[in-house]
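Beneath this line is the structure, given in C-alpha cells, with notes to follow.
In what follows, chains are A, B, ... by sequence order, proteins preceding strands, each numbered from 1.
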2 protein chains.
Amino acid sequence: METLNAADLLAALGHESRLSIFRLLVEAGPDGIVASAIGETLGLPAPTLSFHLAHLSRVGLIRGQKESRFIRYSAEYATMDELIAFLTSNCCQGEACLPRAATCDTTERRRRLATETSTSDKEPS
Amino acid sequence: METLNAADLLAALGHESRLSIFRLLVEAGPDGIVASAIGETLGLPAPTLSFHLAHLSRVGLIRGQKESRFIRYSAEYATMDELIAFLTSNCCQGEACLPRAATCDTTERRRRLATETSTSDKEPS
DNA sequence: TCCATTGTTCAAGTATTATAGAAATATGGA
DNA sequence: TCCATATTTCTATAATACTTGAACAATGGA
C-alpha cells in the first residue's frame, strides 16, 4: 500500500460520522446492516448518510449490496487489515519503537489467521 | 480512547504530507529529526511544514523539542499505539472478522511488549 | 552589535468537504 | 396501476482546510 492510498483511507476514517458508520459495520459482522438502519442508529439524514457511505465505498472500506429495496452495507475487513499492516509495518522499520520481531510477527500472524478463517473473501492483493 | 479523539488522529494522518512527515519521524526513531531536515526531505516550504507539524503536535502524534536554534520533532509512539489498539479492538468486538481470541490477544501482547521495552515513555492512560 | 539561520505566525487566496432540502429513481406491495 | 418505502443524486450553502509570501521572533556566531 502506497502512502497516498493509505492517506485516503485514513482521511475517510478521519470524520466522526464516517468512523461511527465504519465501527458500526465492523461490529455488525460480515452480514452488514441496511442503510436505513445505520441512519436511524446514528441519527443522520438520508442524503448525509448517503454521502458518507459513498465516500467509504469509494476508498474500499465498505461495500454495498442491493437487496430488493434495501442496500446492505458491510465492512471490507481486508482493506482495514491492509491499512493496519501498513501502519504497524511503518512502526518498526526504524527498529525504534518496538523490538522488530515482536510487532511484525504478530501483525503477520494476524493477517495469516484472517485469510485462513475466511478463505474466499480476503485476497491479499 | 473515544471515537471523537480517534477521528481526530485519523484525520491528522489522512493527509499525504502529514502522513509522510509522521512516517519519516517514526522511521527516524525516538531521536527524531530537526524540522528543516523534514522540509528538505519532503520538499515542503517552511510555512506549510510548520502548519502540518502544528497539526500533528496538536493531536499528540508528534512532539517538538527546542534544541538551540532548531526544533527536533519525534513521533509519539504511545499515541499511535493507542490508535492501533482502538482500531483493532474495534475489529473483533463483533466477533466477526477474526477469531476473537487471536486478534485481541496479539494486540494486547504487542502493547504489553511495548510497555515492557520502554517503561518510562509509554503510560497506558 | 549585526547578521545569518531556524522556525513560527499572519494574512489572504484557493480549494475541498460537509450538510441537508428537494427532486429523482427503483422496488415491492395493495 | 398507484402508492409507500429506500436510497440516491442534484443543488446550494456553509464551513473548514490547505498553501504560501511576507513579516516576525529567537538564537548563536562573527
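A donor-acceptor pair under 3.5 Å is formed between the side chain of B:Tyr77 and the backbone N or O of B:Val26.
For B:Gln65, there are no side chain to side chain donor-acceptor pair (under 3.5 Å) partners at least two apart in sequence or on another chain.
When DNA chain D is scanned in the 5' to 3' direction for atoms under 4.0 Å from non-hydrogen atoms of chain A, the outermost contacting nucleotides are D:dA4 to D:dT9.
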Using a 3.5 Å cut-off and no angle test, enumerate the donor-acceptor pairs between side-chain atoms of residues 49-57 of chain B and protein atoms at least two apart in sequence or in another chain.
residue	atom	partner	partner atom	Å
B:His52	ND1	B:Arg18	NH1	3.1
B:His55	ND1	B:Arg18	NH1	3.2
B:Ser57	OG	B:Leu53	O	2.8

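Distance CG/B:Asp8 to CD/A:Glu16: 8.0 Å, rounded to 0.5 Å. To the nearest 0.5 Å, the span separating CG on A:Leu24 from CD1 on A:Ile38 amounts to 6.5 Å.
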Return the polar atom pairs (N/O with N/O) between nucleotides 6-10 of chain C and the protein under 3.5 Å, or none.
residue	atom	partner	partner atom	Å
C:dG7	OP1	B:Ala35	N	3.3
C:dG7	OP1	B:Ile71	N	3.3
C:dG7	OP2	B:Ser36	N	2.8
C:dG7	OP2	B:Ser36	OG	2.9
C:dT8	OP1	B:Tyr73	OH	2.5
C:dT8	OP2	B:Ser50	OG	2.8
C:dT8	O5'	B:Ser50	OG	3.1

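Sorted pairs that involve residues 29-49 of chain B and meet side chain to side chain donor-acceptor pair (under 3.5 Å), not counting sequence neighbours, are lacking altogether.
The hydrophobic cluster containing A:Phe70, built from Ile/Leu/Val/Met/Phe/Trp/Tyr side-chain heavy atoms closer than 4.5 Å, also comprises A:Val34.
The heavy-atom pair separating B:Ala11 from A:Gly14 by the smallest distance is CB-O, 3.3 Å.
Between C:dT17 and A:Arg18, no contact under 4.0 Å exists linking OP1 or OP2 to a side-chain N or O. Remark: A:His52 is in phosphate contact with C:dT19, judged by side-chain N or O atoms under 4.0 Å from OP1 or OP2.
Among the atoms of the strands shown, only primed sugar atoms or phosphate atoms (P, OP1, OP2) are found under 4.0 Å from some heavy atom of B:Ser68.
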